[in-house]
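Heavy-atom basis, side chains included; hydrogens, waters and symmetry copies ignored. In this text, all values refer to a predicted model and were calculated from it rather than measured experimentally.
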Amino acid sequence: MTIVKSGSAIYQSLGKDGKGSVSTETGALSNHPYGFNTRFEDGKGTNPEELIGAAHASCFTMALSFALSDAGFDDGELNTIAKISLEKSGDGFEITQSALTLDASVKGITEDKFEEIAQGAKENCPVSQLLNTKITLEYKLAN
């Protein structure tokens, strides 16, 4: 089974003065603004790193949710933030890290079992596998 989802981007007037917009197939984003000022300054809109962070946080959290459920844990809540690091590299930039921070409440799980399941989700969620960068995970677990 292959699932294909799409996103699109438009950028008009090139370089720093250009303005872009991104859209998703589902309409969750529709011509949402992005550009130099939203990526490197405080402009209103989004940027690729923010979108990658949202994608990674949601993918990891869903993978962890399913893995916990498969292990018999169905009562809980997971809240994840993914911070994407963009660093200067030569003449350009590169994404050097996705730092996942998780606040979790899972009834009845031990710390060791949670660590095992969470690390597996971090390594195996499809977005983690796509990213060619360092991925870290810090979490706080409450039962």
Subject >> Criterion side chain to side chain contact (heavy atoms under 4.5 Å, CB included) on Phe60 and Ile135, from CA distance to verdict >> reply: CA-CA 11 Å; Phe60 163 75; Ile135 299 171; over 6 Å; no

Original post:
Has Asp70 got more than 12 heavy atoms of other residues, nucleotides or ligands less than 6.0 Å from its CG?
Top reply: yes

Original post:
Is Ser13 reaching over with its side chain to a backbone N or O of Asp17, donor-acceptor style, under 3.5 angstrom?
Top reply: no

**OP:** Show your working on side chain to side chain donor-acceptor pair (under 3.5 Å) between Tyr139 and Gln119 and close with a plain yes or no.
**Re:** CA-CA 11 Å; Tyr139 66 85; Gln119 290 297 333; over 6 Å; no

Original post:
Rounded to the nearest 0.5 Å, how far apart are CG of Asn79 and NZ of Lys140?
Top reply: 10.5 Å

**OP:** Would you confirm whether Thr38, through its side chain, and Gly35, through its main-chain N or O, come within 3.5 Å as a donor-acceptor pair?
**Re:** yes

Original post:
Can you name the closest pair of heavy atoms from Phe36 and Tyr11 and give their distance?
Top reply: N-OH, 3.6 Å

**OP:** To the nearest 0.5 Å, tell me how far Lys113 NZ sits from Thr110 OG1.
**Re:** 8.0 Å

Subject >> Which atom of Ile84 lies closest to which atom of Ser98, heavy atoms considered >> reply: CD1-OG, 3.4 Å

Subject >> Considering all heavy atoms, the nearest Ala57-Thr80 contact >> reply: CB-O, 3.9 Å

Original post:
What distance separates Asp103 CG from Glu138 CD, expressed to the nearest 0.5 Å?
Top reply: 11.0 Å

Subject >> CD on Gln129 to CG on Asn124, rounded to 0.5 Å >> reply: 5.5 Å

Subject >> Connected hydrophobic set around Ile3, excluding itself, where side chains approach under 4.5 Å >> reply: Met1

**OP:** For the pair Arg39 and Tyr34, evaluate side chain to side chain contact (heavy atoms under 4.5 Å, CB included) and give the outcome as yes or no after the intermediate values.
**Re:** CA-CA 7 Å; Arg39 193 173 198 184; Tyr34 85 102; over 6 Å; no

Original post:
Ignoring hydrogens and geometry, is there a side-chain-to-backbone donor-acceptor pair from Glu77 to Ser105 under 3.5 Å?
Top reply: no

**OP:** Kindly check if the number of other-residue, nucleotide or ligand heavy atoms within 6.0 Å of CD (Glu87) is above 12?
**Re:** yes

Original post:
NZ of Lys44: more than 12 outside heavy atoms within 6.0 angstrom?
Top reply: no

Original post:
Do His56 and Cys125 come within less than 4.5 Å of each other through their side chains, counting heavy atoms only?
Top reply: yes

Original post:
Backbone N or O of Asn31 within a donor-acceptor pair of the Ser23 side chain at under 3.5 Å?
Top reply: yes

Subject >> CD on Gln97 to OG1 on Thr136, rounded to 0.5 Å >> reply: 4.5 Å

Original post:
Which distance, rounded to the nearest 0.5 Å, do you find between the CG of Asn37 and the CG of Asn47?
Top reply: 10.5 Å

**OP:** Please write out which residues are connected to Ile81 in a hydrophobic cluster, directly or through intermediates, given that two of Ile, Leu, Val, Met, Phe, Trp, Tyr count as joined at side-chain heavy-atom separations below 4.5 angstrom.
**Re:** none

Original post:
Apart from Met62 itself, which Ile, Leu, Val, Met, Phe, Trp or Tyr residues share its cluster (side-chain heavy atoms under 4.5 Å, direct or through members)?
Top reply: Phe66

**OP:** Would you sort out whether Phe114 and Leu102 count as a side chain to side chain contact (heavy atoms under 4.5 Å, CB included), showing the intermediate values?
**Re:** CA-CA 12 Å; Phe114 184 82; Leu102 168 66; 3.7 Å; yes

**OP:** Carefully, step by step, assess Ile109 and Leu141 under the rule side chain to side chain contact (heavy atoms under 4.5 Å, CB included).
**Re:** CA-CA 9 Å; Ile109 198 167; Leu141 174 65; 4.0 Å; yes

Original post:
Is there a donor-acceptor contact under 3.5 Å linking the side chains of Thr46 and His32?
Top reply: no

Original post:
Within the distance-only criterion (no hydrogens, no angle test), does the side chain of Lys16 pair as donor or acceptor with the backbone N or O of Gly18 below 3.5 angstrom?
Top reply: no

Original post:
Does the side chain of Ile95 reach to within under 4.5 Å of the side chain of Ile52, using non-hydrogen atoms?
Top reply: yes

Original post:
So, for Cys59 and Pro126, which heavy atoms are closest and what is the spacing to 0.1 Å?
Top reply: SG-CD, 3.4 Å

